[in-house]
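One structure is given below, encoded as C-alpha cells.
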Amino acid sequence: MNELQVRIRDSKPLIIGITEVKAKNMAYSLRPAELSMDWTKEYNMFHVNIENSEGRGLILYVHNSLLAVEVKMETAFEENLFIKIRTGGNDFILVGLIYRSPSDNSSEKGENLRKLLSEAASLKYAHHLIMGDFNYREIDWNLLQTRGDNSEEQKFVECLQDNYMTQCIDKPTRWRSTNTPHILDLLITKEENSIEELEHQSPLGKSDHCVIVFNYICSIVMRKSQKRRKCYRKANFLAIKREISSIDWENALKLQEGTIDDIWERFRNTMEVIENKFVPTIKVGQKKNTVPLDKETLQAIKEKNVLSRKVVRTKDESIRKKYNRVRNKVAKLVRKARKEYENSLARDAKANPKRIWQYINSKSKIRQGESDLCIDPGNPKSTKSDDDCIKANILAKFFSNVFTKEPHENIPELAKRPIEKEWTGIEISEELISKVMRNLKPDKSPGMDNMHPMFLRELHLELAHPLALIFKRSLELRRVPNDWKKARISAIFKKGNKSLAGNYRPVSLTSIICKIMEKLVRDHLVEHFTKNSYFTSKQYGFMAGRSTALQLIRVMDEWTSALDCGYGIDCIYMDYQKAFDTVPHKRLLKKLEAYNIGPETIEWIGDYLSDRKQQVSVNGEVSEWHEVTSGIPQGSVLGPTMFVIFINDLPDIVKSTVYLFADDTKIFNLVQEVEDKNTLQRDLEQLTTWSNTWLLRFHPQKCKHLHIGKRDPDPEFHYSLLGNTLEQVKEEKDIGVIIDEKLSFDQHISEKVKKANSMFGVIRRIFQHFDDKSFIPIYKALVRTHLEYASSVWSPYKVKHIEMVEGVQRRATKQIPGYADLTYEERLRKLKLPTLKYRRYHGDMIEMYKIISGKYDPAAANFIKLRSDHVSRDCGRGNSKTLFVQRPRLDIRKHNFSIRSTNIWNSLPDDVVCAKSLNSFKNKLDKFWRNQEVLYDYKADIRTGSRVNNSKESESSKEDPIGTCVGNYP
C-alpha cells in the first residue's frame, strides 16, 4: 500500500484494478476498510470476495471525479467485478476486472468465463474495457495460437474473436526467478486503437506480476469538484474580534423592524462580509494521513522500477539479482518508515488522540455510496437511474413519504398534570450562550446557513451578545427564522439491496446557531419536568443520570428475583414504524400543554416544528425541497427531548412493567398462570389503542416475544398485536446486550469475544510494528471497550466464559515483540495492565457507587437499599453505607449484580465509599485494592475481609466465585 501510495501521488490514475488481493489460505478475515484509500479522500472503492473465504479478492479504486456505479453480472463466475462510468450523453464505458485461478481448469468454469465475457460484450455500452489475471500460459498473443485445437485456451481466444474483442498486451507480465516469462495479465477492449502509452512497471512489493499502466482514450463526464474551501484554522481571528466588537448590534440588527427572518438576514449578511474579509480559502487537496517516505526510500522505488523494465527487456541474470536486492531494500525501508510513523502516532496518542483516530478510521471504516436507484422505491425490478439528481429526488420522496398526515380535528388531550413549581420564562443570557459555543466541536459540518462551528467557537465571547438579542427577539415574536428550519440530508446505506431507497437512512445537517438556542430551551424544559417529577422512572433515553447499563442492571435485578421466586417472564420487545419521523406535531403540543409548559414557549415550539423543509444531497447534486409534516427534527438538540415527552405517558396505561430507552420499548410480566399471560395480552391491546390515539404506529412484524425461565403455564399461548401473531424468539438484543431465554449470556459473550478478537486482528495488521508503549493506548481504546460495555449486566461467573473473555487479552499481549515467552501474569505486571476479571470487579463498584451516592438519578436507581442497622465497625467489614446481604436460592440470582456486589461493597472502608467524586472513588479504590491477587491473576478472586482464618473455611469460601471473606485486607 505504501508503494502504491507513491505511484498514485506521481501518476494520479483515475482507475486502479488489483487482483489477488488476499494471500492464499489467510488465517483471518480482511475488512474492506483496511484496503481503502481513505487517506487520499479521492477514490471510491468497489470490491468482491474481501470479507469472505471465497476466492482471492478483487478491488477497483475509482477516482471520485468519475460517475461510477457497480454492475452486477448474471453469469455465475466466481471472481468478477464490473462498473459503468458515464461518458458523454447517455452512454457508458463498462470496466471489468476478472481473476481466473490457474487451478480452474475444468470445462465448466472455462465455459462460465466465456459466458461472462459474452454477457459483458452484449451490454449496450459505448465502450468496453476488461482487465485482469486470466492465467492462460499457452496462448501466443502475437499469432493468436495455442497448443491444442480444442483446449480451454483456444476456446477462450475464439470467444474473444466471436465477440469482436481485442487483447492489447504483447509482452510478458509475470516472471519469477529463471522461469519462462508469460503473459498472464490481459487487457481486453472492443476498440483496437483505444489503448495508448502501455507500460510495464515493476511489481508492487514482492509480487511477481508487473504493474500495467496505460491510457484509455474515450470521452467521459467528470464530476464537478470543489476546488477551494474556507480554511477557518488560518482565519485572522484577532482582526475578526476587533471588527465584531466595533459593531453596534442593536442598530445593526434593527430588532424592532421587520420579522425574525429580517433580523436573522441582517446578522447573516454582516457575518458573511466579515468571513469573506478575514477567512482565507485554500485549494482542496489530498488528506495528509499517510506514511511519510524519505528521499532514500523514494529513490529506491524509482531504481526498482528502472531495473524491473531492464529485467524484462534484457533477461540478464545479473540485472535480475540487482533488482532482487533493490526490491528487498525497498521493502525494508518501507517497513522502517511505517514503524517510525506508527510509533509516533502511539507516543502522541494522549496529547493528540485525533491524529491516531484518523489513522485507525482510515483503515477500519469505509463509507458506501449510493448505487443505481429504482425509480419505484418499493419495486426492485423497476427501472433504475444512475443520475445523481434523479437519485436525490427518489431518496427525498421516499424519506418524505414516511411522515404522518395528522387530521386537524379531534385532537386528543392528555389529562393535566399536577404542578408544584410554575413554568418560568426561558433564561437567555450571554454567559449561557458563550458557554454553549465554547463547547462546540470544531470539526463538525455547518448547517444550511454555512455558519461553521469553529468560527462560532473561536468568537464565543464576541458573538454571545448579538445572538442573545436574536434569541430573545425570537421568543418574543414566538417565531423561528426559516433558515433554521431547513435541513440537508445525506443518505447512508444500511444493508440489503443498494438499489432500494428503503435501505438508506437519512442523516441531516441543521443550523448550528439554531442548536445553540435549542439547548437553552431544552435545558429549561428538562428543569421544569425534573422539578415537578413529570418524567417517568421507566425512561432512560436522552436523560442525565440514566444510562443503558443502569436500565439493564435494574431489569436484570427484577428478572433474576422473579426467577428465584419461581416465576417465568414473558417479555415483548416493541418496535415503532419510523418513530422519530412520525411524531404528530399537534398532538405533541397538546402534551406539552398537559405538562404546564408556558403558552408562549409552546407557540415557539409549534413554529419551530412547522413549515420545515429538507432536501437530499447525492454527490453534490440536490433534490427538490420537501415539506416535513411530522416528526421531531433529525440531528437537532431539542428533538430527542420532544420524543421522550411524547411517549412519557405510555408506561401509565398498562399493568405490566414497561422500560424505555428513547423509542426502544420492552413490556414484560411475571407469569405463573395463564391469567398472567392474558394480562400482558390486554396490555398489548391497550398499547394499540394508545398508538391509534397518538398516531405513533407499531411495527407488528418486528415486535418479538421472549420467554425467560423454565416456568411457562401455557407454552402454546401466542401474543398478537394488530391482528399479527408475534414471533417468539430464544434471544434478542436489548440496547446492546443479547438476552437469551436462560439469562446465560452465552451468545452475548461469544459475540463480544469474536468482535474484540476481530478488532485486534485489524489493529495488528494496521499497526504492524507496535511495541509495549504503543500497544496500551490502542488496545484500551479499541479492543477492551468491546468487552466492558454493560459488563455489570452480563459479568461471567462460569469458568469457560471467564476463560473466553480473558483469552482476548492473553492473545493480544502475546503479540507484543519480546513478550511471547513470558507468562500471562508476567506480561500483565510488566505492562501494568489489570486482568479483565479485576476490571469487572472494579466496574461493579463504580456502578454501585453511582447508585448509592446519587450520581445516577435516584428516581431510576432506587432498587439498591442500605441496611438500617449497620454492621459494627469493630468486625472490620462495615462501612457507613453497608448493604443488606440477601440469600438467593438460584445461581442465576446469586451472580446477579445486586447480589454478587454486596459483600465486596460492604468490605470497602468508609473513606472509599464516602468519596466526594467519582474520580476520587476510583483512585481510592485502586489504592485499596493495589495488592489484590486478581489484579494480575484472573484465577484469583477479590478478597473481601479478614473474618475467615481457618483453612476449612477458606476452602469452602473458594467455591463462591465472588470469593467472600478470603484472606486479609490488602
Side-chain angles (χ1 to χ4, degrees), residues 3-21 37 40 42-46 58-66 68 80-87 91-100 117 120-121 125-136 139 141-142 144 160 163-175 181-205 207-222 301-302 304-313:
E3 276 194 60
L4 181 60
Q5 168 191 331
V6 174
R7 299 194 191 194
I8 289 173
R9 191 164 54 198
D10 293 341
S11 58
K12 292 183 170 54
L14 293 178
I15 302 174
I16 305 163
I18 300 181
T19 61
E20 295 185 275
V21 174
M37 292 194 191
T40 69
E42 291 186 353
Y43 287 90
N44 295 318
M45 175 180 169
F46 300 87
L58 303 175
I59 288 180
L60 277 172
Y61 299 109
V62 183
H63 197 274
N64 56 25
S65 63
L66 302 181
N80 72 89
L81 177 59
F82 284 83
I83 61 171
K84 62 178 181 180
I85 298 172
R86 182 175 285 280
T87 62
D91 288 331
F92 295 89
I93 172 176
L94 181 71
V95 179
L97 184 65
I98 294 174
Y99 174 71
R100 171 190 171 271
L117 291 174
Y125 294 132
H127 307 278
H128 293 73
L129 170 63
I130 299 174
M131 49 193 175
D133 181 1
F134 289 81
N135 280 300
Y136 284 125
I139 301 177
W141 287 103
N142 292 316
L144 291 180
L160 296 184
N163 289 291
Y164 303 100
M165 289 179 164
T166 302
Q167 201 288 113
C168 302
I169 293 181
D170 58 359
K171 294 180 181 178
T173 63
R174 189 255 193 182
W175 41 269
H182 294 285
I183 299 178
L184 303 184
D185 304 284
L186 308 181
L187 194 56
I188 301 168
T189 71
K190 294 187 82 172
E191 303 89 9
E192 188 171 355
N193 298 319
S194 59
I195 304 295
E196 289 185 354
E197 299 183 34
L198 180 65
E199 180 184 357
H200 290 56
Q201 292 187 355
S202 65
L204 288 172
S207 169
D208 50 16
H209 285 259
C210 292
V211 171
I212 309 299
V213 180
F214 61 94
N215 288 336
Y216 186 82
I217 309 303
C218 67
S219 173
I220 57 173
V221 176
M222 304 288 283
I301 291 175
K302 290 180 180 179
K304 174 187 172 184
N305 291 336
V306 172
L307 291 172
S308 171
R309 289 191 288 269
K310 285 185 179 180
V311 169
V312 175
R313 186 175 65 252

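What you see is a predicted model; the values in this text were computed from it and never measured.
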Taking the side chain as C-beta and beyond, is there a heavy-atom pair between [X] and [Y] under 4.5 Å?
X	Y	value
L160	L144	no
P13	Y43	yes
I15	Y216	no
H200	T173	yes
I183	I139	no

Main chain of [Y], side chain of [X]: is a donor-acceptor contact present, judged purely on distance under 3.5 Å?
X	Y	result
R174	H182	no
N64	N44	no
Q167	I169	yes

Point to revise | Verdict with reasoning, S65 to L14, per side-chain contact (heavy atoms from CB on, under 4.5 Å) | key: CA-CA 8 Å; S65 63; L14 293 178; 4.2 Å; yes
Point to revise | Check: H209/S207 side-chain N/O donor and acceptor closer than 3.5 Å | key: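 S207 and H209 do not have a side-chain donor-acceptor pair below 3.5 Å.
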Review point. Looking at OG1 of T87 and OH of Y125, how far apart are the two atoms once the value is rounded to the nearest 0.5 Å?
Key: 11.0 Å
Revision key, fill the gap. Here the gap from E191 atom CD to M165 atom CE, rounded to the nearest 0.5 Å, amounts to 10.0 Å
**Study point:** D133/T19 under side chain to side chain donor-acceptor pair (under 3.5 Å): CA gap, chis, key distance, verdict
**Key:** CA-CA 7 Å; D133 181 1; T19 61; 4.6 Å; no
Point to revise | Candidates T189, I188, L187 - the one meeting side chain to side chain contact (heavy atoms under 4.5 Å, CB included) with I130 | key: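 Answer to the side chain to side chain contact (heavy atoms under 4.5 Å, CB included) test with I130 among T189, I188, L187: I188.
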